[in-house]
Amino acid sequence: SLIRLCNIPTIEKKIIERSIGPKILFYHGVEIDIIDKHIQSLHIPIKSFEKQIDFIQNYYEIISIEELSNYFRYGGLNSGRFVVLTFDDGYKNNLEVVLPYLDSRGIPFSVFVSTNNIDTGERFPTYILRVGIFKNINTKITIPSLNKVFNIFTKSEQNKTYSYLQKIIKS
């Protein structure tokens with residue numbers, strides 16, 4: 001079972017219990033402070049993360065991805081009490097915030113790094129999209145390849161435009 005937790009302020013027991021077997025919880029990033037919730041929409045504040053980890057440790061056993069692999073390979077996976085923590089994309093805060101915190105508690109986790117972005121220095125398309133919509137001083141965006149004009153004057157228009165365009169760039 002894969003459960004995305006990046007935007008959930010607190011974990012509720014029922015979310016994790018709905019899935020059967022081991023759980024893989026995936027995050028993107030953890031920040032000391034969220035400065036802009038639109039731009040940092042994939043990240044959570046460290047205080048929320050700490051509460052989530054406390055909750056998880058009260059009800060589950062956090063294991064490494066290697067241990068999970070071994071359970072699948074060699075059997076013995078009869079408990080739904082195992083949780084694996086993963087982080088997608090390899091954001092800098094995984095090194096500067098997540099590693100010190102989880103390491104101090106002896107908690108294993110895995111980071112999946114997007115090496116192309118490290119090699120090129122390019123931002124992720126979804127980040128560029130968020131900045132282009134939520135930090136734009138214009139009231140409209142024209143996208144010739146879609147033959148569309150999007151109004152982005154209000155927060156509601158910005159959210160609707162972001163949702164629509166995010167689906168397109170992810171497909």
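Atom set for the values below is all heavy atoms of this structure, side chains included, hydrogens, waters and symmetry mates excluded. Predicted model, so just to flag it, every value in this text is computed and none were measured. Quick note: residue numbers are just sequence positions, from 1.
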Trace of the side chain to side chain contact (heavy atoms under 4.5 Å, CB included) decision for Leu129 with Lys170: CA-CA 11 Å; Leu129 180 62; Lys170 286 191 171 190; over 6 Å; no

Pairwise side-chain contact, [X] with [Y], heavy-atom cut-off 4.5 Å (strictly under):
{"X": "Gln40", "Y": "Ile35", "answer": "yes"}
{"X": "Phe112", "Y": "Asp89", "answer": "no"}
{"X": "Asn151", "Y": "Lys160", "answer": "no"}
{"X": "His43", "Y": "Val30", "answer": "no"}
{"X": "Thr139", "Y": "Phe150", "answer": "no"}
{"X": "Val111", "Y": "Val98", "answer": "no"}
{"X": "Tyr27", "Y": "Phe109", "answer": "no"}
{"X": "Asn117", "Y": "Asp119", "answer": "no"}

Co-membership, hydrophobic cluster, residues [X] and [Y], 4.5 Å side-chain:
{"X": "Phe87", "Y": "Tyr101", "value": "yes"}
{"X": "Ile34", "Y": "Tyr91", "value": "no"}
{"X": "Val149", "Y": "Ile133", "value": "no"}
{"X": "Ile118", "Y": "Leu99", "value": "yes"}

Nearest 0.5 Å please: distance from the [atom1] atom of [X] over to the [atom2] atom of [Y].
{"X": "Ile53", "Y": "Ile62", "atom1": "CD1", "atom2": "CD1", "result": "4.5 Å"}
{"X": "Ser48", "Y": "Ile46", "atom1": "OG", "atom2": "CD1", "result": "9.5 Å"}
{"X": "Glu157", "Y": "Lys155", "atom1": "CD", "atom2": "NZ", "result": "11.5 Å"}
{"X": "Thr142", "Y": "Lys140", "atom1": "OG1", "atom2": "NZ", "result": "8.0 Å"}
{"X": "Ile152", "Y": "Leu165", "atom1": "CD1", "atom2": "CG", "result": "10.0 Å"}

Grab the two heavy atoms, one from [X] and one from [Y], that are nearest each other, plus how far apart they are.
{"X": "Tyr164", "Y": "Lys148", "value": "OH-CE, 3.2 Å"}
{"X": "Asp36", "Y": "Lys135", "value": "OD2-NZ, 2.5 Å"}
{"X": "Asn94", "Y": "Gly90", "value": "OD1-CA, 3.5 Å"}
{"X": "Ile65", "Y": "Ser110", "value": "CG2-OG, 3.1 Å"}

Please answer whether the main-chain N or O of [Y] pairs with a side-chain N or O of [X] as donor and acceptor at a distance below 3.5 Å.
{"X": "Thr120", "Y": "Asn116", "answer": "yes"}
{"X": "Gln166", "Y": "Ser163", "answer": "no"}
{"X": "Thr161", "Y": "Gln158", "answer": "no"}
{"X": "Asn136", "Y": "Asn138", "answer": "yes"}

Does the pair Asn159 and His38 meet the rule for a side chain to side chain contact (heavy atoms under 4.5 Å, CB included), with working shown? CA-CA 9 Å; Asn159 289 329; His38 293 295; 3.8 Å; yes

What verdict does the side chain to side chain donor-acceptor pair (under 3.5 Å) test give for Glu31 and Asn93, after you've listed the backbone C-alpha separation in whole Å, the side-chain angles of each residue and the deciding distance to 0.1 Å? CA-CA 6 Å; Glu31 294 283 359; Asn93 61 41; 2.9 Å; yes

More than 12 heavy atoms from other groups under 6.0 Å of CZ on Arg105: yes

For the CG atom on Asn147, are there more than 12 heavy atoms of other groups (residues, nucleotides or ligands in this structure) within a distance under 6.0 Å? no

Taking the cut-offs as 6.0 angstrom to the six-membered ring centre and 45 degrees off its axis, would you call Arg130 and Phe134 a cation-pi pair? no

Polar side chain donor-acceptor pair, Glu67 to Ser64, under 3.5 angstrom: yes

Go through the steps for Val83 and Ile63 under the test side chain to side chain contact (heavy atoms under 4.5 Å, CB included), then give the verdict. CA-CA 6 Å; Val83 171; Ile63 62 173; over 6 Å; no

For Asp33 and Lys47, what are the C-alpha separation, side-chain angles and deciding distance, and is it a salt bridge (Lys or Arg N to Asp or Glu O under 4.0 Å)? CA-CA 9 Å; Asp33 291 306; Lys47 296 292 181 201; over 6 Å; no

From the list Tyr71, Phe72, Tyr60, ring pair (Phe, Tyr, Trp, His ring centres under 6.0 Å) with Phe82 holds only for Tyr71

Take Leu25 and Ile56 through the side chain to side chain contact (heavy atoms under 4.5 Å, CB included) test and state the conclusion after the steps. CA-CA 10 Å; Leu25 306 182; Ile56 293 166; 3.3 Å; yes

Can you classify the ring geometry of His28 versus Phe26 as parallel (below 30°), tilted (30 to 60°) or perpendicular (above 60°)? perpendicular

